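Written below as structure tokens is the structure these notes are about.
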Amino acid sequence: ESVKVERGDFVQKWQILATLRTEVEQAALGVAQRRADAEANLRAAEAEQGYARQRLARSEDLQRQNFLSDQALDQHRTDAKVADQRLAQAREQRDIWEREYKLAQVQLQQRVIRSPFSGVVIDRFRYPGERIEEKPILRLASLDPLRVEVYMPASRYGSFKPGMTLQVAPELPGASARPATITRIDRVIDPASNSFRVQLRLPNAKHALPAGL
């Protein structure tokens, strides 16, 4: 239905990036809301239960005075139990309709594409009117923090541990070395290059460094 950002735009976490067509979901939400708001069945069941209980109370009083047979009293007790069950069923149905309404709301929200993190749009693949299926709409990059991957010689294996801080010098003119924290170390040494990979987390709050260096 719409794409609200372009390549190069900065986006915030949970910002709406695109929306899919929602005619079916909107209709389902409307139906579910009408059901959830319906009071007629519940009110009728409550009125029926109240009447059945009043009639049972009168019948028990008449029976104590020997003006009503045991069979008639049993029938009124049965009617009161049936009324109780109908009220419980109406309340249960009301609860189901409310849950269906919440489900319809969630399904509608799934038609809104939000950014999972703050970052920048680096590619746009789709435009309004196109089918999506499993195809991507946008590609985003997180600029804070940056993920750094360094290949170290096998002779240095065992020299580093997760949580250690290293100085990383970006290959960018004028950029000074910056502290980064080790987050992961490969457990397997690549036999072709006789090296292993170390991943680090580099804070980049002001987006001073571009991604991809």
Side-chain angles (χ1 to χ4, degrees), residues 1-22 24-26 28-29 99 102-213:
E1 183 175 285
S2 67
V3 181
K4 301 182 181 299
V5 294
E6 296 289 345
R7 180 175 176 177
D9 287 349
F10 283 94
V11 297
Q12 299 298 320
K13 186 175 183 178
W14 306 129
Q15 178 180 334
I16 295 177
L17 305 178
T19 57
L20 306 181
R21 294 183 61 179
T22 59
V24 174
E25 288 75 15
Q26 288 280 8
L29 180 64
R99 291 175 183 270
K102 292 179 181 179
L103 175 62
Q105 287 180 311
V106 173
Q107 290 174 333
L108 180 61
Q109 285 298 316
Q110 288 183 332
R111 309 296 286 182
V112 177
I113 312 302
R114 297 179 181 271
S115 177
F117 51 77
S118 296
V120 64
V121 180
I122 59 176
D123 271 316
R124 173 174 172 170
F125 303 110
R126 295 290 174 264
Y127 292 84
E130 293 188 80
R131 292 187 63 84
I132 299 300
E133 303 298 341
E134 297 181 359
K135 300 175 183 177
I137 303 173
L138 302 163
R139 176 179 286 124
L140 307 182
S142 174
L143 301 184
D144 180 32
L146 294 175
R147 185 179 64 184
V148 180
E149 293 188 355
V150 181
Y151 290 88
M152 304 296 292
S155 60
R156 299 297 304 276
Y157 194 83
S159 302
F160 308 105
K161 295 181 179 179
M164 291 179 60
T165 299
L166 302 181
Q167 295 295 317
V168 176
E171 293 182 347
L172 187 70
S176 58
R178 301 161 188 266
T181 304
I182 296 177
T183 57
R184 182 173 300 174
I185 300 174
D186 278 1
R187 299 295 182 183
V188 177
I189 295 177
D190 178 40
S193 62
N194 197 34
S195 65
F196 63 98
R197 184 175 57 176
V198 178
Q199 292 186 10
L200 305 97
R201 183 178 185 271
L202 176 62
N204 191 33
K206 297 183 179 180
H207 300 163
L209 295 175
L213 293 174

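Keep in mind it's a predicted model, so treat the numbers as computed, not measured.
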Determine yes or no for a side-chain-to-main-chain donor-acceptor pair under 3.5 angstrom, with N194 supplying the side chain and P191 the backbone.
no
Distance, nearest 0.5 Å, that separates CZ of R139 from CZ of R124
15.0 Å
Student check: side-chain heavy atoms of R7 and D123 closer than 4.5 Å
yes
Q12 backbone acceptor or donor facing Q15 side chain under 3.5 Å
yes
Given side chains that start at C-beta, do those of K102 and V106 come closer than 4.5 Å, heavy atoms only?
no
Would you compute the distance between atom CG of L17 and atom CG of L138 and round it to the nearest 0.5 angstrom?
6.0 Å
Nearest heavy-atom pair of I122 and A141: which atoms, and what distance?
CG2-CB, 4.0 Å
Determine whether a donor-acceptor pair (N or O, by modelled atom type, separation under 3.5 Å) exists between the side chain of N204 and the backbone of D144.
no
Using modelled atom types and a 3.5 Å cut-off, is there a donor and acceptor pairing between side-chain atoms of S118 and backbone atoms of K13?
yes
About how many Å separate CZ of R184 and CG of L200, when rounded to the nearest 0.5 Å?
12.0 Å
Can you tell me how far apart OG (S2) and CZ (R21) are? Round to the nearest 0.5 Å.
12.0 Å
State whether the number of non-hydrogen atoms from other residues, nucleotides or ligands found under 6.0 Å of R126 atom CZ is greater than 12.
yes
Testing the basics here: between L209 and L213, what is the closest heavy-atom pair and its distance to 0.1 Å?
CD2-CD1, 4.3 Å
Is the shortest distance from a Lys or Arg side-chain nitrogen in E133 or K135 to a carboxylate oxygen in the other one below 4.0 Å?
no
Taking atom CZ of R114 as the centre, report whether more than 12 heavy atoms of other residues, nucleotides or ligands fall under 6.0 Å from it.
yes
Nearest-0.5 Å distance, CG of residue D186 to CE of residue M152
12.5 Å
Treating R147 as the side-chain partner and Q199 as the backbone partner, does any N or O pair qualify as donor plus acceptor under 3.5 Å?
no
P210 versus L172, closest heavy-atom pair with distance:
CD-CD2, 4.0 Å
Just to verify, what does F117 make a ring pair (Phe, Tyr, Trp, His ring centres under 6.0 Å) with, not counting sequence neighbours?
none
Validation row: L202, R178 side chains within 4.5 angstrom (heavy atoms)
yes
Please report the closest heavy-atom contact between P170 and A177, naming both atoms and the distance.
CD-CA, 4.5 Å
Give the minimum heavy-atom separation between T183 and R201, together with the two atoms involved.
CG2-CB, 3.7 Å
With the side chain counted from C-beta on, respond yes when V5 and V11 share a heavy-atom pair under 4.5 Å apart, and no when they do not.
yes
Can you check whether D9 reaches V120 side chain to side chain, under 4.5 Å on heavy atoms?
no
For the OG atom of S195 and the CZ atom of R197, what is their distance to the nearest 0.5 Å?
10.0 Å
Parallel, tilted or perpendicular: ring planes of F160 versus F196, cut at 30 and 60 degrees:
tilted
